[in-house]
There are 2 protein chains.
Amino acid sequence: MATDDLDDEIHALLRREDQRYTKGRRALVATLRAEGQPVTIPQILDASDGLAQSSVYRNLVVLEEAGVVTRIVTNDDFARFELAEQFTHHHHHLICSSCGDVVDFSLDDQAEAGLDEALHDVAEQAGFTVEAHRLDLVGTCADCD
Amino acid sequence: MATDDLDDEIHALLRREDQRYTKGRRALVATLRAEGQPVTIPQILDASDGLAQSSVYRNLVVLEEAGVVTRIVTNDDFARFELAEQFTHHHHHLICSSCGDVVDFSLDDQAEAGLDEALHDVAEQAGFTVEAHRLDLVGTCADCD
DNA sequence: TAGCTGTTGAAAACAATTCTCATTCTGATT
DNA sequence: AATCAGAATGAGAATTGTTTTCAACAGCTA
């Protein structure tokens, strides 16, 4: 997706929540986009300077509520953030239990479709309204082995 | 599994880590067993009295390291704990984003097998050593709808 | 330009979790 | 049984990622 289109869509999502797309929020999105992988707040502060820590936390909440950004919580100390799937593609996470690093991966279409169907059935039986499914592989990454 | 067998196995797991299976730890396991669903620490403290908060936190770490208990982290304020799968059965979680409640569910064998195979391939390609996979459905539970 | 409203930055507050330390328990040895 | 060493416990303090506060500021509208 071109940067301009992405910014337009994000602008629209924020406006829907009566939020502005400020310079700080643009910088945040740019950083997440540049990283291309889930990042912690310390990583964001290192990668993009000029942003105050409190504003980063606050804006990530705003962006998350608007559906621009996804928060990934693991057993690690820090939460991680990445652009929402609508701006990237549907994917899952490899979580390293040694270093805490989180890396994206995708299933092939057939496996994903099969999973979707099975989950749909489960949710229906439980009277559960599904917003998203999350699939993580927990283990040890190549670097930590 | 009978309570005695379960206690024996847990005892063995703890001994492997040079840990004792004390009264407090037995009470903790009994509570988790009685609940049968993931519970928060406040819930544990309510359900079983006589346990100090600091000991519950500490012992859950010990039990987790020994592989007796699994920690479930969500966007909710509190972590949740349940008996490890080896003492229950392989399952996944319905996570309510409204009330934070977590409920177990299982996939049918065929779907689970298909998923396993797909994940195995992904991990191999990434040089990732898998310890576990986690699959959560995030949404709204029947009570919150 | 003036005025209103939302945003920012720095620091204080908050809260789940972890740590400290004095006391108590466990269980192996005599 | 009595003793002793090491581990576990309870109460509270400390830690730390995150949230909130509040005064100063920026951006929009008239």
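Note that the structure is predicted; figures quoted are calculated from it, not measured. The sequence lines fix the lettering, A, B, ..., with proteins before strands; numbering per chain opens at 1.
In this structure, A:D18 reaches neither bases nor backbone, as no heavy-atom distance under 4.0 Å exists between it and the strands shown.
Rounded to whole angstrom, the span from the CG atom of A:L14 across to the P atom of C:dT7 amounts to 9 Å. In this structure, A:L45 atom CG and C:dG9 atom C1' are separated by 12 Å, rounded to whole Å. For the pair B:Y21 OH and C:dC25 C1', the computed distance is 18 Å after rounding to whole Å. The interatomic distance linking B:N75 (CG) with C:dA15 (P) rounds to 19 Å, in whole Å. Between A:K23 atom NZ and C:dG6 atom P there is a gap of 21 Å when expressed in whole angstrom units. Residue A:D76 contributes atom CG, which lies 20 Å from atom P of C:dA16 at whole-angstrom precision. Counting to the nearest Å, the P atom of C:dG9 and the CD atom of A:Q53 are 12 Å from each other. Atom-to-atom, CZ of B:R15 to P of D:dA8 comes out at 14 Å; the value is rounded to the nearest Å.
Smallest separation of non-hydrogen atoms from A:V73 and B:T74: CG1-O, 3.7 Å.
Among residues at least two apart or in separate chains, ring pair (Phe, Tyr, Trp, His ring centres under 6.0 Å) pairs with a member in residues 98-131 of chain A are A:H92-A:F105.
Distance from the side chain of A:S54 is smallest for C:dA11 among the nucleotides C:dA11, D:dA8, D:dG12. Across D:dT18, D:dC22, D:dA8, the shortest atom-to-atom separation from the side chain of A:R58 is found for D:dC22. Among the nucleotides D:dG17, C:dT8, C:dT26, the one closest to the side chain of A:N59 is C:dT8.
Taking 4.0 angstrom as the limit, B:R25 places a side-chain polar atom (N or O) nearer than this to OP1 or OP2 of D:dA8. Contact between the side-chain N/O atoms of A:Q19 and the OP1/OP2 oxygens of C:dT7 is found at a separation under 4.0 Å. When the side-chain nitrogen and oxygen atoms of B:Y57 are compared with OP1 and OP2 of C:dT18, none of them lie within a distance under 4.0 Å. OP1 or OP2 of C:dT8 sits under 4.0 Å from a side-chain N or O of A:T22.
Shown are A:R71, A:Q37, A:H93; of these, the side-chain hydrogen bond (donor to acceptor under 3.5 Å, both in side chains) with A:E82 is made only by A:H93.
Side chains of B:Y21 and B:V29 form a contact here, defined as non-hydrogen atoms less than 4.5 Å apart.
Residues A:S55 and B:V61 each lie close to DNA chain C; by heavy-atom proximity, the contact nearer the 5' end of the strand is made by A:S55.
Counting only N and O atoms by type, the side chains of B:D145 and A:T129 include a donor and acceptor under 3.5 Å apart.
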